[in-house]
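Not measured: the values here are computed from a predicted model.
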Amino acid sequence: MSFVEYSDHIQEGDVAIIYLGHDSMMPVKVQQGAQTQTRYGAIRHSTDLIGKRYGSKVTCSKGGWVHVLHPTPELWTVTLPHRTQILYTTDIAMITMMLELRPGSVVCESGTGSGSLSHAILRTIAPTGHLHTVEFHQQRAETAAQEFRQHRVDHLVTVRNQDVCKDGFGVTGVADAVFLDIPSPWEAVKHAEAAMKTQGGRLCSFSPCIEQVQRTCEALAHQGFEEISTLEVLLRVHDVRTVSLPLPDFGSLPSESPERTAAVAVKTTTPPREIPGHTGYLTFATRART
Amino acid sequence: MSFVEYSDHIQEGDVAIIYLGHDSMMPVKVQQGAQTQTRYGAIRHSTDLIGKRYGSKVTCSKGGWVHVLHPTPELWTVTLPHRTQILYTTDIAMITMMLELRPGSVVCESGTGSGSLSHAILRTIAPTGHLHTVEFHQQRAETAAQEFRQHRVDHLVTVRNQDVCKDGFGVTGVADAVFLDIPSPWEAVKHAEAAMKTQGGRLCSFSPCIEQVQRTCEALAHQGFEEISTLEVLLRVHDVRTVSLPLPDFGSLPSESPERTAAVAVKTTTPPREIPGHTGYLTFATRART
Amino acid sequence: MADNGDDDSQYRIKEGDYVVLKRGDIFKAAQIQLKKKVIFEKQWIYLDNAVGHFYRTTFEIGSGGTLHPKKSKELESSTAAKEAGTDNRNIVDDGKSQKLTRDDIEMLKEQGLKGQEIIQQLIDNSSTFKDKTEYAQDKYIKKKKKKYENTVMILKPSCRILAMMYHGREPGKICHLRHDTLAQMLTLANVHAGSKVLVFETCSGLVLGAVMERMGGFGSVIQMYPGGEPLRPGVESFGFPSHFHDMLHEFPICHVNALLAGTLDTKAKDPNTGTASPPLINLEQSILTTGDSQQNKPEVKQQGRSAEEQSMEASSDANRSDDQAKEDREKRKEAKSQERKVKLEEKRKKMAAAAALLEGRNADGLVIASRFHPCPVLLGLLKFLAPSRPFVVYSQHKEPLIECYTKLKEVGGTVSLRLTDTWLRHYQVMPNRTHPLLLMSGGGGYVLSGITVSVDHSKAAGSPQAEEPAPKKLKLTNTEG
Amino acid sequence: MADNGDDDSQYRIKEGDYVVLKRGDIFKAAQIQLKKKVIFEKQWIYLDNAVGHFYRTTFEIGSGGTLHPKKSKELESSTAAKEAGTDNRNIVDDGKSQKLTRDDIEMLKEQGLKGQEIIQQLIDNSSTFKDKTEYAQDKYIKKKKKKYENTVMILKPSCRILAMMYHGREPGKICHLRHDTLAQMLTLANVHAGSKVLVFETCSGLVLGAVMERMGGFGSVIQMYPGGEPLRPGVESFGFPSHFHDMLHEFPICHVNALLAGTLDTKAKDPNTGTASPPLINLEQSILTTGDSQQNKPEVKQQGRSAEEQSMEASSDANRSDDQAKEDREKRKEAKSQERKVKLEEKRKKMAAAAALLEGRNADGLVIASRFHPCPVLLGLLKFLAPSRPFVVYSQHKEPLIECYTKLKEVGGTVSLRLTDTWLRHYQVMPNRTHPLLLMSGGGGYVLSGITVSVDHSKAAGSPQAEEPAPKKLKLTNTEG
């Protein structure tokens with residue numbers, strides 16, 4: 001297992017995702033002799049996981065069962081331990097496409113945060129690209145580095161614990177793409193530019209507040225970035241349901257036989273009662289060659 | 001006919017709405033002896049309109065036919081002559097409810113613009129309310145006043161040609177609700193307050209840009225308005241369609257009879273390719289009693 | 001209102017008033033009744049002290065649930081003098097940042113500290129608060145405010161407030177109709193004073209009340225209701241002046257077919273002969289049977305009173321001797337029969353009045369919002385509208401309205417059909433922290449709207465109706481291919 | 001790219017390169033071919049002069065359609081020194097505010113004035129421009145810019161640009177798949193280097209190209225195609241290096257059932273005997289017939305070449321004598337037959353290679369985006385996936401995906417099923433004039449995503465699958481009642 005390469009079978013040291021049900025998953029570090037408790041009972045790693053095929057059904061000690069899934073950046077995003085607000089798959093997907101990431105891309109990112117986006121970037125730029133990720137919070141930077149090792153992607157990433165607004169990304173002239181998710185992105189625009197290849201590249205800044213967007217766009221325009229474009233993308237989930245709609249009884253006329261009260265079953269979808277109304281504004285820009 | 005009262009039959013001097021097709025309607029001032037040209041030919045008012053029931057089908061001179069509809073504020077909104085950007089029904093509906101308009105309400109409005117909202121307000125506050133509408137553009141103010149007369153709602157409205165930011169609404173202590181659609185609403189907040197009843201009331205400001213909203217919210221908070229709430233409401237139209245989905249041919253096995261290529265008809269809706277993405281932000285607030 | 005604009009009395013809370021309690025975004029409808037407990041957000045309150053105060057007064061909830069008016073502005077002031085960090089970099093999440101324990105907080109409460117004071121204590125005892133960004137500080141305060149502040153504002157009810165209240169608290173009772181959707185319906189149906197509007201709803205009376213509010217006591221509203229009784233507990237919550245109820249009529253839908261066929265007899269029955277002309281529907285018969293029909297069943301759950309009656313009856317029967325029970329049953333039967341007759345006569349009069357309004361088939365508007373399949377409801381009730389009048393049909397789901405649309409296109413008699421929904425999002429507008437709220441409603445339901453026209457069965461070529469849907473369909477099929 | 005990051009040559013426009021032309025939000029794919037006219041926005045252009053320049057250079061289109069590189073920054077500078085009025089109060093709409101006539105403007109054009117200069121002239125000759133609000137001025141300039149500016153930027157193609165291009169210009173050719181929806185699909189399917197991905201699409205190859213871009217030449221992509229030929233004109237537009245095509249395989253879906261049943265014979269046929277073991281599908285036979293099958297018909301419209309051939313054939317036959325025509329037909333038949341044999345052998349090899357990749361039923365991902373009913377496509381192709389692998393199905397419409405969802409729940413073998421779409425809105429961010437764009441896309445289509453798991457037919461009680469959908473359904477029914 002690695003986050004950038006599928007394996008067929010679960011091995012010692014893997015991170016596997018236990019699928020208990022929709023919106024109920026947990027990551028497990030697979031270790032000989034270890035046990036993991038779920039609401040369906042315990043899973044014994046040695047007998048229940050190691051050597052089994054990913055996707056297998058595993059019966060827990062209480063008789064209920066779960067599926068064991070191969071980790072992906074997307075499953076990781078919904079199961080990772082939150083150390084910060086994280087980016088979710090909808091925004092990540094958009095960022096990946098709009099930054100034109102692909103195998104071989106060199107990317108600079110700040111902050112690393114909980115590593116949700118980092119894993120998705122690494123998946124996309126492997127096996128020949130590299131991610132330089134900067135996190136000013138020391139504990140977070142260390143935890144992220146440790147996770148990258150556990151997930152066997154550490155050869156593709158360099159984690160730096162520094163303040164990107166003061167100290168930049170620690171590299172110059174190498175990046176095809178830069179991603180900013182920091183409180184004052186406008187302060188990092190110059191550093192972003194320095195990190196990018198002289199031939200140019202793409203930049204994305206994620207900010208929850210419109211004032212941050214305004215200052216960032218201003219800084220980007222000032223620094224000569226082109227194609228500056230701000231957008232918002234929101235996910236809408238449609239839960240599939242069958243609903244029963246009763247038919248009204250308008251009464252039968254004497255000449256007719258009495259109407260039977262009936263209902264019609266309709267296949268439809270319902271939205272969740274509350275949905276994400278905002279994650280952040282995504283501002284994209286192109287750096288022309290300098 | 002009046003915009004606040006239904007009639008059954010078309011009369012001389014009425015404004016009727018000619019319905020040619022979806023999104024194709026035109027208002028007509030009904031006059032003995034007059035003719036109106038449509039793409040289906042001419043409509044002669046004396047014979048085709050006057051005395052006919054609203055909702056009737058009228059055959060035009062070229063043989064095609066149209067329906068003649070009773071005017072409503074909503075039909076007026078989609079057929080009125082644009083003198084400015086206008087408010088559309090989706091926002092109007094929200095404004096009407098959130099300002100708590102009802103028969104008897106006294107409302108102040110600025111600017112009058114093309115009168116789209118004014119007509120909807122008048123419909124709702126009739127027969128016992130009053131609208132004070134202020135428009136700084138002289139020509140527009142005059143045209144609006146003329147339209148109100150034609151639509152037989154002039155007894156419910158006072159049009160003033162002045163600058164609301166400098167001169168206010170021309171009334172004090174009478175309004176249950178104030179509506180602002182001007183470039184600098186924050187400059188009119190004090191005047192709005194003055195126009196309102198001492199017992200308090202509701203205010204709405206419509207602005208396309210977020211900076212206007214920010215300044216207005218600040219001014220509202222500063223003036224002691226409560227329950228300040230900004231929202232956006234967007235209409236989504238679902239066009240009903242039947243689409244045909246071909247079934248794939250995965251090939252028949254020797255033992256089976258060959259599959260016939262077939263298609264399935266599915267009843268669905270499609271959105272228009274482009275839809276309104278923004279009209280304006282609606283900011284509502286409550287003025288407590290002073 | 002214009003008619004008594006300077007009369008302050010209508011702005012004061014009176015005994016018997018229907019009011020809405022508000023805390024933050026939480027609303028609850030209530031009536032001002034002396035010495036009567038009201039539960040609001042898991043707290044018992046007595047509303048007695050509110051009487052005489054102005055609407056929109058904020059009250060602090062004291063010990064024992066009594067209300068004490070809060071000094072104005074106290075609430076609005078920013079809770080903490082903010083000293084914000086610029087970022088969260090130095091915050092270590094170890095769960096130890098709050099020095100006050102649960103017990104400490106309970107003690108503060110017992111000492112009678114108000115919500116706001118407790119929150120200040122929490123801030124003062126948080127080692128990380130000052131290091132948090134302004135954004136995070138604000139989130140913290142809001143969270144704590146919700147937990148510890150103990151105030152309630154008393155509002156005069158309105159369609160706006162009640163619609164938000166129902167959607168927020170009990171969307172299931174109003175078919176998940178969101179307030180902006182209701183706003184669209186009222187406007188698209190051109191509901192206004194002086195018109196005659198048909199309403200068919202199973203939204204607890206919210207939609208009916210909204211229509212009544214818009215008509216301001218002028219005109220007529222006819223509630224077309226399913227089952228044995230019209231259900232509209234929500235209408236009461238609007239607290240309308242009594243004359244508003246004069247415009248409200250009701251008609252049971254189980255007689256719609258008879259009314260349309262002209263076979264409905266709404267004349268008073270001669271009590272001596274007890275007969276009605278054979279071809280006409282016997283009203284008494286039908287009213288009596290309606291109560292027991294299948295149709296009525298879904299309503300029983302909502303209709304507290306009748307369900308209660310039934311169960312009381314069942315349990316009392318169980319523990320008596322057969323004879324005594326029989327005798328009692330006879331007596332009750334007699335009393336009930338008498339009661340029923342009175343009710344029946346009342347009902348007959350009401351129905352006759354509503355039938356008279358409907359018979360002209362000249363209603364000015366139709367508003368449907370129910371858990372029933374909208375298609376047969378719409379097709380049935382549309383017949384009562386005059387030509388050139390708007391109608392709106394709400395459904396939580398899109399699919400049934402697609403069916404309505406298709407059916408209406410088939411049968412004709414309507415133009416300007418449109419199936420829509422609205423997208424609604426709220427914003428936080430604050431200096432340097434302006435953004436849409438992080439959560440929004442997933443959906444507010446769908447609306448089909450249209451306008452009636454005179455029916456004409458000779459379809460001419462080159463007509464708008466023939467020309468309208470076809471080309472689009474064709475175009476779509478082309479791009480599909 | 002990391003491997004040749006400092007090599008400037010890949011950043012320069014070369015002859016033969018596939019490029020994208022851009023003006024404002026308008027894109028068009030083209031190839032750099034010398035002396036070849038390209039139509040862009042109703043103008044003829046020769047791209048010759050672009051060769052040697054860097055990508056992202058903006059060119060002014062000169063007389064005769066030749067390109068001249070524009071000095072940088074010229075474009076970006078604000079057109080007019082703005083002197084804005086504060087409101088529009090004094091503007092009278094009389095249609096007389098512009099002093100330049102249409103003829104004047106044509107003359108300016110003939111004088112060789114550039115777009116920007118014409119716009120300045122228009123502004124100078126507008127009596128109302130200075131009185132307009134900044135907002136209105138900006139709108140005016142944008143409108144005129146669109147009309148008179150005459151530049152084009154040349155871009156290196158990418159999935160981002162091509163997806164936006166197709167959606168903007170020819171959404172019908174990509175089943176109205178919006179670029180953000182495509183982005184979701186690529187991510188949800190975990191498309192990445194080194195994996196084995198199945199693609200079934202009728203989106204002109206855009207989806208296939210997008211998958212190939214994400215795989216960077218590592219791994220395998222198998223295009224499962226309907227009809228006689230895989231159709232993917234859009235893949236060419238990506239301008240992939242040639243080694244990318246080594247990972248691309250193709251397999252006709254009409255052999256899927258045979259492959260799954262183990263009856264597909266992909267061995268080279270002995271030309272002398274011409275026989276294959278009876279129970280096996282005869283590949284030649286099936287390839288030949290496939291081309292003529294009903295199945296293929298919908299493709300013909302898109303497939304320019306074959307349609308052209310057919311019509312040419314028909315018209316040439318018409319005006320000849322019977323005899324001559326017969327002879328010619330024989331000859332052509334012969335030549336065609338030979339040609340067909342070569343093609344067939346090529347096809348056989350390709351299919352054998354693809355079949356070998358599919359036979360293990362261990363693909364890592366499945367991406368479906370087509371005008372076909374997604375349900376049978378998904379159920380058929382899902383069988384080729386290894387367990388614990390993601391799949392995504394796109395459909396322009398929600399209803400067919402509801403059916404997919406229901407069917408998958410029935411047959412099992414998948415978890416984490418989710419039906420979604422995305423809402424996308426762009427913003428204008430400008431000092432004091434920040435707001436969402438006034439128009440947005442109506443819809444980007446729907447995506448059903450999920451993950452395969454090992455199939456197990458013994459359904460235990462208390463299992464996640466049994467427990468998952470039922471409670472929600474129940475809850476909904478309750479609130480409905």
Using non-hydrogen atoms and a 4.5 Å limit, figure out which bit of [X] sits close to chain D: side chain, backbone, both or neither.
| X | value |
| --- | --- |
| A:Arg202 | side chain |
| A:Pro73 | side chain |
| A:Ile210 | side chain |
| A:Thr286 | side chain |
| A:Ser229 | side chain |
| A:Ser7 | backbone |
| A:Ile125 | neither |
| A:Arg53 | side chain |
| A:Arg289 | side chain |

To the nearest 0.5 Å, how far apart are [atom1] in [X] and [atom2] in [Y]?
| X | Y | atom1 | atom2 | answer |
| --- | --- | --- | --- | --- |
| A:Thr230 | D:Tyr427 | OG1 | OH | 9.5 Å |
| A:Asp239 | D:Tyr405 | CG | OH | 7.0 Å |
| A:Met97 | D:Thr181 | CE | OG1 | 9.0 Å |
| A:Leu69 | D:Ile451 | CG | CD1 | 5.0 Å |
| D:Ser416 | A:Tyr19 | OG | OH | 4.5 Å |
| A:Thr242 | D:Ile402 | OG1 | CD1 | 9.5 Å |

- Message: When you compare the side chains of D:Thr187 and A:Glu74, does any donor N or O come within less than 3.5 Å of an acceptor on the partner?
- Response: no
- Message: Please tell me whether A:Thr269 and D:Lys398 have a donor and an acceptor in their side chains that are separated by less than 3.5 angstrom.
- Response: yes
- Intermediate values then yes/no, side chain to side chain contact (heavy atoms under 4.5 Å, CB included), D:Thr420 and A:Arg236: CA-CA 5 Å; D:Thr420 60; A:Arg236 292 189 295 203; over 6 Å; no
As an exercise: rank [options] by heavy-atom pairs under 4.5 Å with chain A and give me the winner.
| options | answer |
| --- | --- |
| D:Thr422, D:Thr452, D:Leu186 | D:Thr422 |
| D:Val429, D:Leu401, D:Asp180 | D:Val429 |
| D:Gly216, D:Ala210, D:Ala183 | D:Ala183 |

- Task: Could you walk me through whether D:Asn190 and A:Arg123 pass the side chain to side chain contact (heavy atoms under 4.5 Å, CB included) test, one step at a time?
- Result: CA-CA 8 Å; D:Asn190 192 20; A:Arg123 175 263 318 276; 2.7 Å; yes
Check whether [X] gets within reach of chain A through its side chain, its backbone, both or neither, counting any heavy atom under 4.5 Å.
| X | answer |
| --- | --- |
| D:Arg214 | both |
| D:Leu437 | neither |
| D:Lys196 | neither |
| D:Met215 | backbone |
| D:Leu424 | both |
| D:Val447 | neither |
| D:Tyr55 | neither |

With the threshold set at 4.0 Å, does a side-chain nitrogen-carboxylate oxygen contact exist between [X] and [Y]?
| X | Y | answer |
| --- | --- | --- |
| A:Lys267 | D:Glu399 | no |
| A:Glu227 | D:Arg56 | yes |
| A:Asp8 | D:Arg389 | yes |

Using a 4.5 Å cut-off on heavy atoms from C-beta on, say whether the side chain of [Y] contacts that of [X].
| X | Y | value |
| --- | --- | --- |
| D:Met153 | A:Glu226 | yes |
| A:His67 | D:Ser454 | no |
| D:Thr406 | A:Val240 | yes |
| D:Ile161 | A:Glu100 | yes |

Atom of [X], atom of [Y] and distance for their closest heavy-atom approach:
| X | Y | result |
| --- | --- | --- |
| D:Leu417 | A:His22 | O-NE2, 2.5 Å |
| D:Ala193 | A:Ala126 | CB-O, 3.4 Å |
| A:Gln199 | D:Asp8 | NE2-OD1, 2.9 Å |

- Message: For A:Glu5, I'd like to know if atom CD has over 12 heavy atoms of other residues, nucleotides or ligands within 6.0 Å.
- Response: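 Counting other residues, nucleotides and ligands, CD of A:Glu5 stays at 12 neighbours or fewer.
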- Greater than 12 external heavy atoms within 6.0 Å of A:His155's NE2: yes
Given the options [options], which has more heavy-atom pairs under 4.5 Å with chain D than any of the others?
| options | result |
| --- | --- |
| A:Tyr54, A:Tyr281, A:Tyr6 | A:Tyr6 |
| A:Leu101, A:Thr96, A:Thr90 | A:Thr90 |
| A:Leu235, A:Leu99, A:Thr72, A:Thr268 | A:Leu235 |
| A:Cys217, A:Ala288, A:Pro127 | A:Pro127 |

- Message: Between A:Phe284 and D:His426, is the ring centroid distance below 6.0 Å?
- Response: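 Centroid separation for A:Phe284 and D:His426: 6.0 Å or greater.
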- Message: side chain to side chain contact (heavy atoms under 4.5 Å, CB included), that's the test. Do A:Gln214 and D:Thr434 meet it? Break it down for me.
- Response: CA-CA 8 Å; A:Gln214 290 170 316; D:Thr434 301; 3.0 Å; yes
- So A:His238 and D:Tyr446, would you call those rings parallel, tilted or perpendicular, with 30° and 60° as cut-offs?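 The rings of A:His238 and D:Tyr446 stand perpendicular, inter-plane angle above 60°.
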